[in-house]
Protein chains: 2
Amino acid sequence: MNEQKPLILITNDDGIDAPGIRELVGYVKEMGEIVVIAPDEPHSGQSSAISVNRVLRITDRGMLGDARMYSVNGTPVDCVKLGMHAIVPRRPDLILSGINHGSNSGNSIIYSGTMGAVLEGCMLGIPSIGYSYHSHDQAADISCCGEIVRHITSRVIERGLPSDICLNVNIPKCEKVCGIKVVRAARGYWTEEYAEYTDPHGKPFYWLTGKFHNEEPDCPDTDLYWTDRGYASVVPCRPDQSAFDKVTEVKGILSGMD
Amino acid sequence: MNEQKPLILITNDDGIDAPGIRELVGYVKEMGEIVVIAPDEPHSGQSSAISVNRVLRITDRGMLGDARMYSVNGTPVDCVKLGMHAIVPRRPDLILSGINHGSNSGNSIIYSGTMGAVLEGCMLGIPSIGYSYHSHDQAADISCCGEIVRHITSRVIERGLPSDICLNVNIPKCEKVCGIKVVRAARGYWTEEYAEYTDPHGKPFYWLTGKFHNEEPDCPDTDLYWTDRGYASVVPCRPDQSAFDKVTEVKGILSGMD
């Protein structure tokens, strides 16, 4: 037997210098050959954005243990796409994104750059997982994530994932995570979305802020219910947003030009 | 009867100066009171990206007929969010995005800024529709879009949409569109994704390009099948990417830490 170790591509949206990506490499380094390809700079809120009319460059960032590290002057999805095109020595067996400093829970994951990279991996047919920790403090001790990350990553390496889905994992801020719950994203909405200022010339400007209002805080089918109770949540996510179950209803609404 | 006309918020991702948004205003101006809020500059490929750590400003761009126009130095989703917060006189009854200069078909809609704005509208509970025309030539005559846009927009004003979905409409390049087909997004993938160059110092750089390979060109359930045959496609889209139907299967894969 001369079996090749799985190749694991690791990215994030907080950028190559964020502590979370280094922690993630540390947790999974025994499970495969690691290549890190992450944005030069933080790219929170970049969703599945791609750089359409901009030149992309790759910078060799040296080694982290046995893992080779590269950065790209683009978004998380750019890192996956360009990494696949120009960096990885062979097709990765797994793509991991994170550990994000901050929650990617509820239906707000649509804005998440962490999950943008993961959805891209899934569209490329590669099992892909995003990990987020519920604290924005990059100096925080996130070692409670280790057991969860190792369990989920090793299970997915061993057993795979259905080809049309990827995983969004959220780990609450606590000393010891109680366990893992597989659920759906909680529905909610944002309130008080902008802080308002006036510039020295008397003109207004705005800064995004806001609070997420969970519309179903008592529903045990949802991610936020469990992260609020000390569990890690796992939401299976599907890149394809087509609502095929609504085709007949929409045909009725639009009738007259079939 | 002193019924208020519907308020229609119109945005796009090609920017406030693109011809497509002006055409769209022209097609629907009789149907309601129009407010245009679009990016200062082109934002193709921005998906659902939001400006997280950047100051946003609103510029009054005057009138287009009876429609007031504003631009925002941000993404399509920023335009919807900030427009809702600081511009619109009341809650819009409808959000339209487009007419995009170029296709937003198949599973590539995940990158679409046009659809980013539409998905945002849907998450806010407002019926929302994205329109795209299959030519990147901004000087092209797109008048064949008029009949389709008017039909779909008036039907949605009259009959509404299911609350959890929005519509992605693609109009093929042709003189006369044959009709409307409600379908799902075709599955495919991109090949030859980057053009490679060498800078004057001998270092490589990359520019996104590529061809979409449709994996199911003969499937009449899909958008590209019909746009290839002269029909406008309508794909109902769901912002919530949770794959609740896969929860049980994923529980089995991850078992051991429940």
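Each chain gets a letter, A, B and so on, in the order its sequence line appears, and its residues count up from 1.
Heavy-atom pairs under 4.5 Å with chain A were tallied for B/E193, B/H43, B/K246, B/K81; the largest tally goes to B/K81. Most heavy-atom pairs under 4.5 Å with chain A: of the set B/A232, B/S47, B/C178, B/S112, this distinction falls to B/S47. Interface check for chain B: of the options A/I110, A/N107, A/I58, the most heavy-atom pairs under 4.5 Å are formed by A/I110. Per-residue counts of heavy-atom pairs under 4.5 Å with chain A were compared for B/G45, B/G116, B/P42; the largest is that of B/G45. With chain A as the partner, the residue from B/K181, B/E120, B/R187, B/M115 showing the most heavy-atom pairs under 4.5 Å is B/E120. Residue with the most contacts toward chain B among A/K203, A/R184, A/H151: A/H151 (heavy-atom pairs, distance under 4.5 Å). Counting heavy-atom pairs closer than 4.5 Å to chain A, the top residue among B/Y194, B/F244, B/F205, B/W207 is B/Y194. Chosen from B/L208, B/V235, B/I253, B/V250, the residue pairing most often with chain A at heavy-atom distances under 4.5 Å is B/I253.
Separating the OG atom in B/S233 from the CD1 atom in B/I180 is a distance of 10.0 Å, to the nearest 0.5 Å. The CD1 atom of B/I126 sits 12.0 Å away from atom CG of B/L161, with the distance rounded to the nearest 0.5 Å.
Only the backbone of B/P204 comes within less than 4.5 Å of a heavy atom in chain A; its side chain stays farther off. When heavy atoms are compared at a cutoff of 4.5 Å, B/D199 approaches chain A solely by way of its side chain, counted from C-beta outward. Contact annotation for A/D223: neither backbone nor side-chain heavy atoms come within less than 4.5 Å of a heavy atom of chain B. Contact of B/E249 with chain A is made through the side chain alone, with heavy-atom distances under 4.5 Å. There is no contact between A/V177 and chain B, counting heavy-atom distances below 4.5 Å. With a threshold of 4.5 angstrom between heavy atoms, A/S255 approaches chain B through its backbone and through its side chain. Proximity to chain A (any heavy atom under 4.5 Å) is restricted, for B/D164, to the side chain, taken from C-beta onward. A/I165 touches chain B through its side chain: at least one heavy atom from C-beta onward sits under 4.5 Å away, while N, CA, C and O do not. For A/E158, no part lies under 4.5 angstrom from a heavy atom of chain B. Both the backbone and the side chain of A/V52 come within contact range of chain B, judged by heavy atoms closer than 4.5 Å. Neither the backbone nor the side chain of B/L124 comes within contact range of chain A; no heavy atom of the residue lies under 4.5 Å from a heavy atom of that chain. With a 4.5 angstrom heavy-atom cutoff, B/N53 touches chain A via backbone and side-chain atoms both. Of the two parts of B/Y189, neither the backbone nor the side chain holds a non-hydrogen atom closer than 4.5 Å to a non-hydrogen atom of chain A.
For the residue pair B/N12/B/S97, the side-chain donor-acceptor check at 3.5 Å is not satisfied. Of the N and O atoms on the side chains of A/T153 and A/Y131, at least one donor lies less than 3.5 Å from an acceptor on the other residue. For the residue pair B/N170 and B/T227, no side-chain donor N or O sits within less than 3.5 Å of a side-chain acceptor on the partner.
A heavy-atom distance below 4.5 Å is found between the side chains of A/V88 and A/I37. A heavy-atom distance below 4.5 Å is not found between the side chains of A/V183 and A/D221.
Atom CD of A/E41 sits in a sparse spot, with 12 or fewer heavy atoms from other residues, nucleotides or ligands closer than 6.0 Å.
A/S132 contributes no side-chain N or O that, together with a main-chain N or O of A/N100, makes up a donor-acceptor pair within less than 3.5 Å.
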